[in-house]
Amino acid sequence: MSSMGRDAIWLVLVMILGASLLVTMLPEDEPVSVNEDDTVDDTEEETVEESTCLVGTQKVLNASAANGFDCVPLDPHSMFHTHPAPVLTVSNVIDDGSTIAILGDVDHLHPDEITVTLSIEEDVSISTQPNTDGAWSLTIQSSAEQIYLNITATHDDEETTSNTTFIEINRTTSEDEADENDSGTDDGTDNTNGNETGNNTNNETENNTGNNTGNNTGNQTDNGTDDPPGPTQPTYDSSDMGQFWLDVFRCQAGQNITQVDDLTTAAVETHECSVSITMNETHITITTNGLPDHDFESTLACSQGNDCTRAQNYEWTIPRSPANDTTGGHDATNCPEANGDYECAPARGEVAIAINGVPFYGPEDGPGGDAVASQHDAYEEDRQPIVLGVCHAHNGQGGTFHYHADANCLHWHPEEGETMLDYDTSTPAAVAQNTANGSHSAVIGVGMDGYPIYGLWGFDDQMNVVEMKSSYKLKEGETGYNGIDDYVYEPGLGHLDVCNGHFGPTPEFPDGIYHYHSTMMNGEGDMGFPYFLLCYHGETFLDEGGGGGVDCSGFGETWGPGIAPPPPGCEGGGGGGGGQGGQLSEVSLVSAPVFSPVAMMWMLVLGLLFLRQRRV
């Protein structure tokens, strides 16, 4: 055969070989879908590949679907049923000088589909959703003397909006009003100074006015605490805590956020707290940066290790509707006195969340001792230096600021000439007096089970306001050096149960709710271990991977794309509020180049021809 003929044959073979390799390496044109049941008939595949939906259905975008959408039945309600625009009503405005609470109602056939929006300025607004009865409330913080608020209710599904309600809050007092208040001769009913004694003689009026005014003012402000709740205290539904936590948590967008200083350093910092709350029907997710909204002390980690408090990225999930834990059978390692009846809180690390987004920690310090007992000289911590700063808080490794006890400085404000360092933590007995104003304490945080944590003062069985005492005491001969193991629960020693809570009325829940209390002393006047809580009286989401307590652990190991179908209740991924991962909104399968048998045959032929050519 001539050289030209051989070259022609080689050219043809190379072209055929190249085309074959190209075909084998190209990805499949047909879409790939991942199904729990691999037995999908031809009819279903044809339906998936349709670019349009059948009559009677509508296209809904879904990134995880094979074609990027789902075909769902048309909703006759949304097609033919419309409603009048929502009607917004404001029933009450409560202003204590720094916090404004607005309560109202929405008149609409579907009030839970309405969004109520409050605008403070052009670029500042907050929103909420009414409950099924149409009731709603919003809370803002502002120290301005004049505040203008605009409130609207919107039904997004039908793009209808209520008339705008305008509210003007004027905290200034005119000279004429001040003169009338001083003289006590105003005949109206809004002025409390002098009106009660206006029918008596002038001497009686002047004396009573002066005495009453002086006493009331001194009692309410000398201790520097928040004013006691008045008769307009808003109340909430304990079966749905969503609105309550939206109203109680600070540091949310639209609220007045004050810059605070780390008193351990010589510099003046400008730390700002941040809290974001989102929710669905069952879960409430709280995202924070872990910085407090009051001046604080990082203590030794900062002063000796230069590891000072800094912003974190926390995300916790709690139940929206708390429910008592009746299952039992829990690991009792960290709360042996509970005997497995309730889920133990961690001995060290995050056990709850303060209303400013800072975590509450368990009672133990790094070496395993009672950090609070050591602070108050119940024993000498000789394993590692531990110092708690103001409000029984300090900074841990990585700049993680946290409270070990107390946290009642959340509702304490320095008087003129004072600083946060004047908050008295000298003895356990002194701490409660910082916030002693004759009223039930305000909420300071929430447990991981969704039940609230109040401050040191609460109602006893006779509805008297008393300092709440824990029912734990040291075992004979122990000091707290061994942490939790040194304490024993004695029912009835104090006011609270084995988890450090009880069921009863509070200002926000007059019909009663289970709640915890911060405690600095027990019923015998000794240390108030566990200070916040030791176990969760309610069910938590701490061990869940998906929703509703379903165990979705093992994602990516025992189940997931390319491994196995998800366990029941975990469809859509390993998500859920507090578990691992998030929902799998999109799964992309990438075809890797694979050499088929045809390609291998051609490569073998090519190699043989090459060897033969060399012999020639």
Within 6.0 angstrom of [X] [atom1], more than 12 heavy atoms from elsewhere:
X    : atom1 : answer
N163 : CG    : no
N464 : CG    : yes
E281 : CD    : no
E159 : CD    : no

Going by atom types only, do [X] and [Y] share a side-chain donor-acceptor pair under 3.5 Å?
X    : Y    : result
S142 : N256 : no
D295 : Y423 : no
T309 : S298 : yes
S125 : T117 : no
Q312 : T400 : no
D156 : T154 : no
N500 : T519 : yes
E343 : T540 : yes
H495 : H502 : no
D237 : S239 : yes
D449 : Y342 : no

Closest contact, heavy atoms only, [X] versus [Y]:
X    : Y    : value
M520 : P428 : O-CB, 3.4 Å
S137 : D247 : OG-OD2, 2.6 Å
W316 : P359 : CZ2-CB, 4.0 Å
S471 : G492 : OG-N, 4.3 Å
P510 : P505 : O-CB, 3.4 Å

Nearest-0.5 Å distance that lies between atom [atom1] in [X] and atom [atom2] in [Y]:
X    : Y    : atom1 : atom2 : value
W136 : L246 : CH2   : CG    : 13.5 Å
C535 : D497 : SG    : CG    : 7.0 Å
L263 : T419 : CG    : OG1   : 6.5 Å
W457 : E467 : CH2   : CD    : 5.5 Å
T89  : L103 : OG1   : CG    : 12.5 Å
M279 : D240 : CE    : CG    : 8.0 Å

Close side-chain approach of [X] to [Y], heavy-atom, < 4.5 Å:
X    : Y    : value
V260 : E269 : no
V351 : Y536 : yes
D293 : T258 : no
W245 : V446 : yes
S439 : V465 : no
T152 : T165 : no
V372 : P363 : no
N408 : N434 : no

Taking the six-membered ring for Trp, is the centroid-to-centroid distance between [X] and [Y] below 6.0 Å?
X    : Y    : result
H110 : H155 : no
H402 : Y361 : yes
H404 : H394 : yes

Take T278 and H283 through the test side-chain contact (heavy atoms from CB on, under 4.5 Å) and record every step on the way to the result.
CA-CA 8 Å; T278 58; H283 294 57; over 6 Å; no
With sequence neighbours left out, write down each residue that passes side chain to side chain donor-acceptor pair (under 3.5 Å) with Q129, or none if nothing qualifies.
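So Q129 forms no side chain to side chain donor-acceptor pair (under 3.5 Å) with any residue.
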With D261, which residues qualify under side chain to side chain donor-acceptor pair (under 3.5 Å), at least two apart?
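None.
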For E315 and T285, run side-chain hydrogen bond (donor to acceptor under 3.5 Å, both in side chains): C-alpha distance rounded to whole Å, both residues' side-chain angles, the deciding distance at 0.1 Å, then the answer.
CA-CA 7 Å; E315 182 175 298; T285 300; 5.3 Å; no
Look at the aromatic rings of [X] and [Y] and report parallel, tilted or perpendicular, splitting at 30° and 60°.
X    : Y    : answer
Y236 : F509 : tilted
F401 : Y403 : perpendicular
F360 : F532 : parallel

Could you walk me through whether V87 and V106 satisfy the side-chain contact (heavy atoms from CB on, under 4.5 Å) test, starting with their C-alpha distance in whole Å, then the side-chain angles of each, then the deciding distance to 0.1 Å, before giving a yes or no?
CA-CA 6 Å; V87 178; V106 167; over 6 Å; no
Check: [Y] main-chain N/O paired with [X] side-chain donor or acceptor under 3.5 Å:
X    : Y    : result
S238 : I513 : no
T288 : G357 : yes
D325 : T327 : yes

Can R250 and Q255 be said to form a side-chain contact (heavy atoms from CB on, under 4.5 Å), step by step?
CA-CA 7 Å; R250 302 172 178 177; Q255 296 180 350; 4.1 Å; yes
Test log, rule side-chain contact (heavy atoms from CB on, under 4.5 Å), inputs I353 and F249
CA-CA 10 Å; I353 313 154; F249 264 87; 4.2 Å; yes
Residue pair H271, H294: steps toward the ring-ring contact (aromatic ring centres under 6.0 Å, His included) verdict
CA-CA 9 Å; H271 296 292; H294 57 80; over 10 Å; no
side-chain hydrogen bond (donor to acceptor under 3.5 Å, both in side chains) between D424 and S426, worked out:
CA-CA 6 Å; D424 191 356; S426 58; 2.7 Å; yes
If we check ring pair (Phe, Tyr, Trp, His ring centres under 6.0 Å) with H515, which of these qualifies: Y451, F503, Y454?
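The passing option is Y454.
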